[in-house]
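Let me begin by presenting the structure, written as structure tokens, before commenting on it.
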2 protein chains.
Amino acid sequence: MFELDIRSRKPIYEQLVEKLKELIITEVLKTDEQLPSVRLLAQQLTINPNTIQKAYRELEVQGYIYSIKGKGSFVSPASDGFNTEKLLKVKKDIMKLVSEAMYLGVTADELITMIKEINLAIGGGIENDQN
Amino acid sequence: MFELDIRSRKPIYEQLVEKLKELIITEVLKTDEQLPSVRLLAQQLTINPNTIQKAYRELEVQGYIYSIKGKGSFVSPASDGFNTEKLLKVKKDIMKLVSEAMYLGVTADELITMIKEINLAIGGGIENDQN
DNA sequence: TAACTGTACTAGGTATGATAGTACACTATG
DNA sequence: CATAGTGTACTATCATACCTAGTACAGTTA
């Protein structure tokens, strides 16, 4: 399903958070789809279930999944649980990275092209693209 | 000069790297301008000089500064030392964050507006903006 | 020569991450 | 009701990374 970089300085649970978030955002995992159970995924990845649980917890706090005792963990609908605070943080991070990219020589046009390509890849250009 | 968040999970030297990088990118620190010495900054921030040195080392590895034994550390010219690998990494990070922003409901137009604003703030729109 | 600069090393303490183990609460099924 | 699944939470232990204090070497400048 995914591979963890044991040698990375990034904690294992954070790598998990990022991987699962990516699968949700690219809709490989769809709304209300069940995630593998904590114990199953732990077994598959040969890591401790508490480490999985820590990642699932973080995803739930960020609003990407929801969990039901006895049933499992599921992908949240995209409109749920995302607060303005998180949105502001993502925007702030984008601004920082965009500034760094421009400092490194990337042009605004190049970045705009990137955004359009991502937009097409994700939304099909139906709702957002009015240019 | 800047403030460190001692309570943050992020290591102090990493916060330093980010702050200094930001000052360089926004040209608060200009090319060939000397950075405070390792010992002076350590004294000002009440942290260990080795911690400063670690941050400076990382900035040098990434190509943002250069150091001369006995003289000091200085801001590198923007065209120096940035390899393609770092550029690719920044672009990849931007793609990831943009995808997440769109998943959270930010439109492509909104993101494009952000990029144009940053472009104006940084370059004055002289070299890059041909729209 | 003195005072600055960067750089590198050792040793010790602390915090974080991951693990192993255990246990509780809930759901679904037969 | 028992069983097998699910999530959740806790304790204890170990390894690693970070930061510190201290020390020392090499270079530059006045």
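Note on naming: letters A, B, ... go to the chains in the order of the sequence lines (proteins, then strands), and numbering restarts at 1 for each one. Everything numeric in this text was worked out from a predicted model, so none of it was measured. Atom set for the values below is all heavy atoms of this structure, side chains included, hydrogens, waters and symmetry mates excluded.
At a cut-off of 3.5 Å, with distance as the only test, no side-chain donor of B:K71 or B:Q34 sits close to an acceptor on the other residue. Judged by distance alone, the side chains of B:E100 and A:Y64 do bring a donor and an acceptor atom under 3.5 Å apart. There is a side-chain donor-acceptor pair under 3.5 Å between A:Y66 and A:D32.
Following rounding to the nearest Å, A:F74 (CZ) and D:dG7 (C1') show an atom-to-atom distance of 11 Å. Rounded to whole Å, the distance from CD1 on A:I12 to C1' on D:dA17 is 15 Å. For the pair B:E58 CD and D:dC19 P, the computed distance is 13 Å after rounding to whole Å. Between A:Q43 atom CD and D:dT6 atom P the separation is 10 Å, expressed in whole Å. At whole-Å resolution of the value, NZ in B:K54 and C1' in D:dA17 are 7 Å apart. Whole-Å rounding puts the B:L16 CG to D:dT20 P distance at 10 Å. Here D:dC18 presents its C1' atom at 16 Å from CG of B:L45, a figure rounded to the nearest Å. In this structure, A:N48 atom CG and D:dC14 atom P are separated by 16 Å, rounded to whole Å.
Applying the 3.5 Å distance criterion, the base of D:dG22 shares a donor-acceptor pair with the side chain of B:N50.
Heavy-atom minimum distance, B:P49 versus B:V38: O-CG1, 3.2 Å. B:V106 and B:E110 make their closest contact through CG1-OE1, 3.6 Å (heavy atoms, listed as atom of the first residue, atom of the second, distance). Nearest heavy atom pair, residue B:S73 against residue B:I65, reads CB-CD1, 4.2 Å.
Here the nucleotide nearest the side chain of A:R9, chosen from D:dC18, D:dC19, D:dT6, is D:dC18.
Extent of DNA chain C lying under 4.0 Å from chain A heavy atoms, first and last nucleotide in 5' to 3' order, is C:dG17 to C:dA28.
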Sort me out a list of protein N/O and nucleotides 24-27 of chain D N/O pairs below 3.5 Å, or just none if empty.
unit_1 : atom_1 : unit_2 : atom_2 : d
D:dG27 : N2     : B:G70  : O      : 3.1

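Residue-to-nucleotide proximity on DNA chain C shows that, of A:K10 and B:L40, the 5′-proximal contact is made by B:L40. Mapped onto DNA chain D by nearest heavy atom, A:R7 and A:Q34 fall at different nucleotides, with A:Q34 at the one closer to the 5' end.
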| request: Quick one: do A:L45 and A:I52 satisfy side-chain contact (heavy atoms from CB on, under 4.5 Å)? Show the steps, please. | output: CA-CA 10 Å; A:L45 300 178; A:I52 309 291; 4.3 Å; yes
| message | Is there a side-chain contact (heavy atoms from CB on, under 4.5 Å) between B:M114 and A:I94? Walk through the geometry before answering. | response | CA-CA 9 Å; B:M114 276 175 62; A:I94 289 178; 4.0 Å; yes
| request: Determine, step by step, whether B:E33 and B:K30 satisfy the side-chain contact (heavy atoms from CB on, under 4.5 Å) criterion, reporting the C-alpha distance in whole Å, the side-chain angles of both residues, the deciding distance to 0.1 Å, and the verdict. | output: CA-CA 5 Å; B:E33 182 170 341; B:K30 297 176 173 42; 3.9 Å; yes
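Of the side-chain N and O atoms in A:S73, none sit less than 4.0 angstrom from OP1 or OP2 of D:dT6.
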